[in-house]
Amino acid sequence: QVRLVESGGGLVHFGESLSLSCTTSGRLFDNDVAGWFRQAPGKEREFVAAIRWSAGTTAYANSVKDRFTISKDNAKKTLYLRMNNLQTEDTAVYYCVTSNAFSTQATGYEYWGQGTQVAVSS
């Protein structure tokens with residue numbers, strides 16, 4: 001089994017930064033893609049960013065490109081999301097995900113963390 005545990009969420013002001021971490025454990029070698037989704041109140045889960053554990057290639061949603069950076073530490077089996085210039089519309093629960101193939105759809109990811117809340121005040 002694969003286990004994902006997010007941390008680092010919190011309340012920040014508009015324009016500030018925040019970093020999220022996701023520690024992973026279990027049978028990760030079958031799951032080369034890791035990433036982040038988010039879900040705001042009353043909205044569907046949306047893709048934020050993804051990265052390949054092996055090659056390090058990344059992908060971002062247009063809404064966060066140039067503000068968010070996804071990274072990884074293979075030795076620590078940890079995924080990160082650095083979020084700069086946070087906007088109120090970034091307020092959501094952020095989920096760490098992993099799968100064996102890249103997708104921007106939530107249904108494309110088999111394993112999910114429990115989520116961490118990010119709130120951005122104006």
Side-chain angles (χ1 to χ4, degrees):
Q1 283 295 336
V2 173
R3 186 165 183 251
L4 309 173
V5 180
E6 304 96 337
S7 61
L11 173 64
V12 296
H13 294 294
F14 177 88
E16 292 184 340
S17 299
L18 197 64
S19 291
L20 305 181
S21 298
C22 173
T23 56
T24 69
S25 61
R27 296 173 58 90
L28 294 171
F29 55 84
D30 289 335
N31 298 282
D32 189 47
V33 178
W36 296 90
F37 274 71
R38 66 186 182 186
Q39 186 169 24
K43 295 188 177 181
E44 294 184 353
R45 291 185 181 184
E46 66 169 348
F47 171 77
V48 175
I51 190 169
R52 289 193 178 273
W53 287 107
S54 56
T57 51
T58 59
Y60 295 91
N62 287 334
S63 59
V64 306
K65 195 176 294 185
D66 299 328
R67 297 189 299 122
F68 290 12
T69 301
I70 188 170
S71 61
K72 61 184 178 64
D73 186 325
N74 287 41
K76 295 181 179 179
K77 297 182 180 179
T78 300
L79 184 71
Y80 304 97
L81 186 68
R82 175 65 176 177
M83 303 181 291
N84 294 327
N85 190 22
L86 281 160
Q87 313 290 306
T88 54
E89 53 265 35
D90 294 319
T91 294
V93 176
Y94 283 71
Y95 297 92
C96 177
V97 298
T98 189
S99 179
N100 59 4
F102 172 74
S103 174
T104 60
Q105 302 300 309
T107 52
Y109 292 85
E110 181 177 3
Y111 299 103
W112 291 72
Q114 82 288 350
T116 185
Q117 177 72 54
V118 172
V120 184
S121 64
S122 59

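- Its side chain within the 4.5 Å cluster rule, Val33 clusters with Phe37, Phe47, Val93, Tyr95, Val97, Phe102, Tyr109, Trp112 among the Ile, Leu, Val, Met, Phe, Trp and Tyr residues.
- For Gln114, the side-chain contact (heavy atoms from CB on, under 4.5 Å) criterion is met by Val5, Glu6, not counting sequence neighbours.
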With a cut-off of 3.5 Å and sequence neighbours excluded, list every side-chain donor-acceptor pair involving residues 52-59.
unit_1, atom_1, unit_2, atom_2, d
Arg52, NH1, Asp32, OD2, 3.4
Ser54, OG, Asp32, OD1, 3.1
Ser54, OG, Asp32, OD2, 2.9

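- Under the 4.5 Å side-chain heavy-atom criterion for ILVMFWY residues, no single connected hydrophobic cluster contains both Val48 and Leu4.
- Annotation: side chain to side chain donor-acceptor pair (under 3.5 Å) contacts of Asn74 (sequence neighbours excluded): Lys72.
- Only one option out of Thr98, Ile51, Asp73 pairs with Leu79 in a side chain to side chain contact (heavy atoms under 4.5 Å, CB included); it is Ile51.
- Ser99 places a side-chain N or O within donor-acceptor distance of the main-chain N or O of Gly108, the cut-off being under 3.5 Å.
- A distance-only check finds a donor-acceptor pair linking the side chain of Thr24 to the backbone of Lys77 [under 3.5 Å].
- Here the shortest heavy-atom pairing between Ala40 and Ala92 reads N-CB, 3.8 Å.
- In terms of the side chain to side chain donor-acceptor pair (under 3.5 Å) criterion, residue partners of Gln87 (sequence neighbours excluded) are, by chain and number, Asn85.
- For the atom pair CH2 of Trp36 and OH of Tyr80, the computed distance is 10.5 Å after rounding to the nearest 0.5 Å.
- Under the salt bridge (charged side-chain N to carboxylate O under 4.0 Å, His left out) criterion, the residue pairs touching residues 87-104 are Arg38-Asp90, Arg67-Asp90, with sequence neighbours excluded.
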Donor-acceptor list for residues 11-21 side chains, cut-off 3.5 Å, not counting sequence neighbours:
unit_1, atom_1, unit_2, atom_2, d
His13, ND1, Ser121, OG, 2.9
Glu16, OE1, His13, N, 2.9
Ser17, OG, Asn84, OD1, 2.9
Ser19, OG, Arg82, NH1, 2.9

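- Note on residues 89-122: pairs passing disulfide bond (SG atoms under 2.5 Å apart), not counting sequence neighbours, are Cys22-Cys96.
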